[in-house]
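The basis for the numbers below is simple: all heavy atoms, side chains too, and nothing from hydrogens, waters or symmetry mates. Quick note on labels: first sequence line is chain A, next is B, and so on, each numbered from 1.
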Amino acid sequence: MDLKIATWNINSIRIRLDHLANFSKEHQPDIIALQETKCSNEHFPHQALEEMGFPYRINHGEKAYNGVAILSRIPIETYGNEDFNGSQHTRHQAVEIKHGHTSSKAPLILHNFYIPAGGDVPDRNVNLKFGQKLDYLTNLANWFKDDTNPHSENMILVGDLNIAPLETDVWSHKQLLKVVSHTPIEVEHLKAVQKAGNWHDVMRHFTPEPEPLYTWWSYRAKDWRASNRGRRLDHVWVTPKMADKATSVEVVTKVRDWEKTSDHAPVLTTFKL
DNA sequence: ATGGCTTACAAAGTAAGA
């Protein structure tokens with residue numbers, strides 16, 4: 001079977017329900033992992049999402065900020081959520097995907113992350129948020145290394161990781177070296193997470209360097225396509241067992257053109273199970 | 001020219017994004 005998984009920092013789920021409906025209709029994803037839902041569980045728009053064709057929904061949100069959710073057409077069950085830096089922010093949700101095509105005994109796990117943005121100044125001595133971002137990544141790496149945590153050989157990790165690791169993941173490597181999201185210390189921390197879980201970068205498998213690849217463009221540009229000052233902040237990673245099952249990845253830039261859209265474009269990945 | 005915009009909020013200016 002084909003399994004289509006989208007990841008999208010939607011920047012408020014409630015204000016963009018129509019966009020979500022249009023995106024779902026056009027691309028027919030089986031599963032959508034959302035970040036920055038900015039919505040407590042109490043106000044989560046279950047009915048609208050049910051009508052959109054997502055009978056399985058897991059929201060892990062809070063009022064006003066952060067928040068992750070996973071919507072699905074096929075059964076999913078929670079596999080846990082972690083607070084990796086003690087901030088009590090809702091930034092992680094893992095689910096088991098019950099796809100029913102069990103060629104392997106190991107469960108198929110999807111991790112959805114919203115990693116802290118990290119504030120303005122890339123120095124933990126003057127900017128607490130930057131320290132919290134680095135700590136989140138350090139603790140995440142340790143969590144993946146620790147065999148007492150629930151892991152599977154079949155895992156997919158998606159989300160807004162808020163770091164553009166490669167030189168061609170940003171519009172200007174030189175001009176962004178001191179800008180939070182592309183500083184060398186953040187890149188090191190992200191690579192440590194990648195190594196700890198033996199994660200493979202699916203987006204760069206299909207679009208190798210040095211081809212530029214972005215998923216986020218600032219709201220402030222008059223014409224985001226013309227200036228094209230993008231960054232690849234959103235990612236799709238897989239464990240080695242899942243790497244050859246991925247058949248395509250698309251950054252759906254068309255959505256970034258929509259009226260009052262998110263500053264992140266959705267990323268759509270297809271797997272053959 | 002990276003902050004020019006965008007969001008949430010027991011609402012008029014803050015906080016936060018990145």
task: Report yes if at least one side-chain N or O of A:Arg14 is closer than 4.0 Å to OP1 or OP2 of B:dA8; otherwise report no.
output: no
field: C1' atoms of B:dA18 and B:dA1, separation to the nearest Å
entry: 16 Å
- prompt: On a whole-Å scale, what distance lies between the P atoms belonging to B:dT7 and B:dT2?
  reply: 23 Å
message: If you take the centroid of each ring, where Trp contributes its six-membered ring, are A:Phe271 and A:His99 closer together than 6.0 Å?
response: no
- line: Looking only at B:dT2, B:dA8, B:dT7, the nucleotide nearest the A:Gln175 side chain is B:dT2
Enumerate the protein-to-nucleotides 14-18 of chain B contacts in which both atoms are nitrogen or oxygen and the separation is below 3.5 Å.
| residue | atom | partner | partner atom | Å |
| --- | --- | --- | --- | --- |
| B:dG17 | OP2 | A:Lys129 | NZ | 3.3 |
| B:dG17 | O6 | A:Arg220 | NH2 | 3.2 |
| B:dA18 | OP1 | A:Glu36 | OE1 | 3.2 |
| B:dA18 | OP1 | A:Asp160 | OD2 | 3.4 |
| B:dA18 | OP1 | A:His264 | NE2 | 3.1 |
| B:dA18 | OP2 | A:Tyr114 | OH | 2.9 |
| B:dA18 | OP2 | A:Asn162 | OD1 | 3.4 |
| B:dA18 | OP2 | A:Asn162 | ND2 | 2.9 |
| B:dA18 | O5' | A:Asn162 | OD1 | 3.3 |
| B:dA18 | O3' | A:Arg231 | NH1 | 3.0 |
| B:dA18 | N6 | A:Asp120 | OD1 | 3.3 |

task: Taking the six-membered ring of A:Phe54 (Phe, Tyr or Trp), confirm whether the NZ or CZ of A:Arg73 is under 6.0 Å from its centre and within 45° of its axis.
output: yes
- prompt: Hey, is the side chain of A:Ser12 poking within less than 4.0 Å of OP1 or OP2 on B:dA8, counting only N and O atoms?
  reply: yes
- prompt: Rounded to the Å, how far apart are A:Glu42 CD and B:dA10 P?
  reply: 12 Å
field: Polar contact flag, side-chain donor to acceptor under 3.5 angstrom, A:Asn154-A:Ser152
entry: no
query: Nearest-Å distance, CD1 (A:Ile10) to P (B:dA8)?
result: 11 Å
Atom P, compared across B:dA10 and B:dA15: separation rounded to whole Å: 15 Å
query: In terms of ring plane angle, is the pair A:Phe144 and A:His111 parallel, tilted or perpendicular, where the classes change at 30° and 60°?
result: perpendicular
message: Side chains of A:Gln35 and A:Thr7 only: does a donor on one sit below 3.5 Å from an acceptor on the other?
response: yes
- prompt: So, A:Glu211 and A:Thr168: side-chain donor and acceptor under 3.5 Å apart, yes or no?
  reply: no
message: Looking at B:dC5, I'd like to know if its phosphate oxygens (OP1 or OP2) sit under 4.0 Å from a side-chain N or O belonging to A:Lys260.
response: no
query: Tell me: CG of A:Leu176 to P of B:dG3, nearest whole Å?
result: 12 Å
- prompt: Which comes earlier along DNA chain B counting from the 5' end, the contact point of A:Ala64 or that of A:Arg229, where each point is its nearest nucleotide?
  reply: A:Arg229
